[in-house]
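Notes follow the structure.
In what follows, every heavy atom counts, from backbone to side chain, and hydrogens, waters and symmetry copies are set aside. Note that this is a predicted model, so its numbers are computed, not measured. Residues: numbered from 1 along the sequence shown.
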Amino acid sequence: MSKATKQFQTEVKQLLDLVIHSLYSNRDIFLRELISNASDAIDKARFEAQSNESLLEGNSDWKIKLIPDKDNGTLTIRDNGIGMSMAEVEENIGTIAKSGTKSFVQAMKDAAAAQQPELIGQFGVGFYASFMVADKVILTTRRAGDAAHATCWESTGDGSYTIEDCSKAERGTEIVLHLKEEFKEYLDEWKIRSIVKKYSDFIQYPVCMDITRTETPKGVDGEEIEGAGTIEKIEEQTLNSMKAIWARPKSEVTEEEYTEFYKHVSHDFEDPFKTIHFAAEGTSEFKALLYLPAKKPFDLFMAERKRGIQLYVKRVFITEKCDALLPDYLRFVRGVVDSSDLPLNVSREILQEDVQIKRIQKSLVNKILSTLAELKEKEYDQYLAFWKEFGPVLKEGLHFDYANKEKLQELMLFQSTRSGEGEYVSLKQYVERMPEAQKEIYYITGEDKASLEQSPLLEAFNAKGFEVLFLTDPVDEWVVQSLHEYQEKKLKAVDRGDVDLDSEEEKKEKEKKQEEAKKEFGSLLELIKNRLESKIKEVRFSNRLTDSACCLVADDFGMNANMERIMKAMNQAVPESKRVLELNPDHPIVKVMGDMYKQSADDARLLDYADLLYDQALLTEGTPIKDPLKFTKLVSELMVKAAQ
């Protein structure tokens, strides 16, 4: 292929502009990103060579080489990893074939300057950091096992790049950065050493550089020769310690080392929220270094998520995202697991079924959940901050991980009718402060606390002093299908079925009042039901309402308004369902309509009032009304009549 000039994707152009002009507050990061990419490439080569030794091409001396050239103003990063084909170069560099890139670019435009460094790590676009310090980048690469084809890619970051075939003797990738004049300090030995030591000391492959030293020649006795002048001696030195951080005792690892390794495996620019470092012995032997992030990644709820747990076997990299190691509700956890029991040639299919993997998963889940439980018990404020970020995804475990249901339900936090701004309550706290007369744990689902607090469905509960939990995450609708009870107290939705809040004496009194109301307003209820029969299942008097005129409730196992909203937002077909319209027999509007009905059962206003009651019930539950023009017209007419 002759040299071809191509344009970057629009998103890449925007990304480059952000990276070059406003993204990083610390430009040293570019070298960490390139060394990390080189390490990943060697990981992949080692893994593929387990099943295809020819990829080694007779060279298993893994190395990342840094070559500063002050004469030409270039810094070269060279590795002998897996390399790339031309198609892979275009896919990985010429375009960004990752969902979420547009979201990233928009987020970067919207974010304040102080937030920008933490955002970049969520999107894995570290290669483009090269253009912060370089006005031209040349990448030459050859895939392992394909000696005949190499690719040269070049760009000045101006929106286009060139790509062509070339030759390259050794497998791997070489990136040459033509540094901008103001960034020539990155050619100094001390600068390179300090960056590698700070960010890449834990990389398990040698990061090497030729070091030039001036010294006086020495004789056979080791003494310097007088008058012999000086000579320059070049020696290749390894700049990093190459110690697998997870294999070292916790007492020998500093917080700074833990933090930098987290940034290496997660590509996050924030410090981790919590570090979990432990070794398991017995039926399954492995070492694990796990991290809980401080902020949720942008792709937490996307199908195409970034890496999770990296799997090593006897310090040999196997895969960067081992889905079998953790259940999906812990997908936010980052880190490394190194097993002593698995075979080196383990396949992705075997991983899903391997008994040892299942044992490792059980141990990891237990450790993570016990760490969170301890944090909740001893450092509640910290746990609350974590919960606000990851609570919705942790709740998924209640639905999918039955074995750990009891542990998970102790980690749950909810806002409620008794919690103040920013306050939460656990199920245990809820049960401990239940009034003696309260028999069930009550909850209501919706979009947010502010709107739920205004719901007329809460009136009777508030009057009784019964606390109601606010479940405001979409996943909650599925969670409550699995969490039926807690400490022998059943969970009950305040917007489904009938509710039993009263003592035996109060029940008798209410039943008597309702019987009287049915006698007095029974025909009116029938008229309302006939008017709204295409929209509702039933009309009945309510035990929930004390102040409001009406509300809509679902059957015990019916679909409520919140579930309908969620399904519509997911573009799912919403099955036709009718809810029950409940009326407050003590509300003046019911009495007014009853008097109107007695005077004239054919009064056309009764039908309008029935429509208004239904629309009013829809509005109070947050559901749009179907004919807002008619609703406003009727309200306007009522206002005029009231004024007259």
Side-chain angles (χ1 to χ4, degrees), residues 274 276-293 296 300-301 303 305 308-311 319 321-342 346 348-377 383 386-387 389-414 426-431 441 443 469 471 473-491:
K274 189 73 175 175
I276 305 172
H277 187 186
F278 72 105
E281 297 177 350
T283 55
S284 182
E285 293 190 3
F286 66 89
K287 292 180 173 64
L289 178 52
L290 308 178
Y291 296 95
L292 306 181
K296 58 178 175 284
L300 186 62
F301 294 99
R305 292 185 292 274
I309 301 298
Q310 296 181 2
L311 176 64
T319 179
K321 183 182 177 184
C322 185
D323 295 329
L325 282 174
L326 285 178
D328 201 48
Y329 71 90
L330 294 175
R331 58 186 175 271
F332 54 84
V333 179
R334 299 288 184 258
V336 167
V337 169
D338 191 347
S339 171
S340 303
D341 302 325
L342 293 168
V346 64
R348 198 173 287 270
E349 291 73 25
I350 292 173
L351 283 175
Q352 301 299 324
E353 304 297 330
D354 190 89
V355 175
Q356 290 292 348
I357 285 287
K358 293 187 183 301
R359 287 189 184 130
I360 293 173
Q361 185 199 76
K362 183 178 179 180
S363 181
L364 294 177
V365 172
N366 285 339
K367 186 66 175 179
I368 292 168
L369 296 186
S370 64
T371 299
L372 290 174
E374 184 179 3
L375 193 69
K376 177 172 172 283
E377 184 70 25
Y383 180 77
F386 168 82
W387 177 261
E389 293 290 327
F390 295 102
V393 68
L394 201 61
K395 286 178 183 177
E396 294 174 16
L398 287 171
H399 190 67
F400 294 107
D401 189 359
Y402 186 80
N404 288 297
K405 181 178 176 182
E406 290 187 8
K407 294 177 183 176
L408 284 164
Q409 65 189 18
E410 296 300 334
L411 297 175
M412 301 295 116
L413 295 178
F414 306 94
S426 67
L427 290 172
K428 183 179 179 182
Q429 290 171 319
Y430 180 99
V431 170
I441 298 172
Y443 69 88
L469 299 175
L471 276 59
D473 295 316
V475 71
D476 288 331
E477 290 288 354
W478 286 270
V479 166
V480 292
Q481 294 174 23
S482 304
L483 186 63
H484 302 296
E485 64 177 51
Y486 176 80
Q487 291 187 5
E488 300 182 351
K489 304 285 186 183
K490 292 187 179 299
L491 270 72

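A pairwise comparison of heavy atoms in Leu364 and Ala288 identifies CD2-CB, 3.9 Å as the closest pair. Nearest heavy atom pair, residue Ser482 against residue Lys405, reads O-NZ, 2.7 Å. Considering every non-hydrogen atom in both Tyr383 and Leu411, the closest pair reads OH-O, 2.6 Å. Taking both residues in full, the closest heavy atoms of Leu394 and Leu408 are given as O-CD2, 4.1 Å, listed atom of the first, atom of the second, then distance. Shown here for Leu483 and Leu491, the closest heavy-atom pair between the two residues is O-CD2, 3.5 Å. Contact detail for Tyr291 and Leu289: the closest heavy-atom pair is OH-CD2, 3.5 Å.
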> Checking side chain to side chain contact (heavy atoms under 4.5 Å, CB included) for the pair Glu396/Val393: CA distance, chi angles, key distance, verdict?
Replying inline: CA-CA 5 Å; Glu396 294 174 16; Val393 68; 3.8 Å; yes
> Would Ile360 and Ser339 count as a side chain to side chain contact (heavy atoms under 4.5 Å, CB included) if you check the C-alpha gap in whole Å, the side-chain angles of each, and the deciding distance to 0.1 Å?
Replying inline: CA-CA 9 Å; Ile360 293 173; Ser339 171; 4.1 Å; yes
> Which is it for Arg359 and Phe286 under the side chain to side chain contact (heavy atoms under 4.5 Å, CB included) test, yes or no, and what are the steps along the way?
Replying inline: CA-CA 10 Å; Arg359 287 189 184 130; Phe286 66 89; over 6 Å; no
>> Would Val480 and Tyr443 count as a side chain to side chain contact (heavy atoms under 4.5 Å, CB included) here? Give the steps.
In response: CA-CA 9 Å; Val480 292; Tyr443 69 88; 3.6 Å; yes
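Distance check, rounded to the nearest 0.5 Å: CG of Leu469 to CE of Met412 gives 12.5 Å. Note that CG of Leu325 and CD1 of Ile309 are 7.0 Å apart. Values are rounded to the nearest 0.5 Å. Between the OH atom in Tyr486 and the OH atom in Tyr430 there is a gap of 12.5 Å [rounded to 0.5 Å]. Within the model, atoms CG of Leu375 and OG of Ser370 stand 11.0 Å from one another, a figure rounded to the nearest 0.5 Å. The CD atom of Gln356 lies 9.5 Å from the CD atom of Glu285; values are rounded to the nearest 0.5 Å. Remark: Trp478 CH2 to Asp473 CG distance equals 11.5 Å, nearest 0.5 Å.
Between Leu398 and Val475, every side-chain heavy-atom pair lies at or beyond the 4.5 Å cut-off. Side-chain atoms of Gln487 and Leu427, non-hydrogen and from C-beta on, never get closer than 4.5 Å to each other. Side-chain contact between Val333 and Ile276 is absent, with no heavy-atom pair separated by less than 4.5 Å. Two residues are said to be in side-chain contact when any heavy atoms from C-beta on lie closer than 4.5 Å; Val365 and Gln361 meet this criterion. Using a 4.5 Å heavy-atom threshold, the side chains of Arg331 and Asp323 count as separate. Using a 4.5 Å heavy-atom cutoff, the side chains of Glu377 and Glu374 are not in contact.
Other residues, nucleotides and ligands contribute over 12 non-hydrogen atoms within 6.0 Å of the NZ atom of Lys376. Residue-environment remark: CD (Gln481) exceeds the threshold of 12 foreign heavy atoms within 6.0 Å.
Looking only at distances, no side-chain donor or acceptor of Lys274 sits under 3.5 Å from a matching main-chain atom of Leu372. A donor-acceptor contact shorter than 3.5 Å is absent between the side chain of Tyr329 and the backbone of His399.
Because its NZ or CZ atom is both nearer than 6.0 Å to the ring centre of Phe278 and within 45° of the ring axis, Lys367 counts as a cation-pi partner of that residue.
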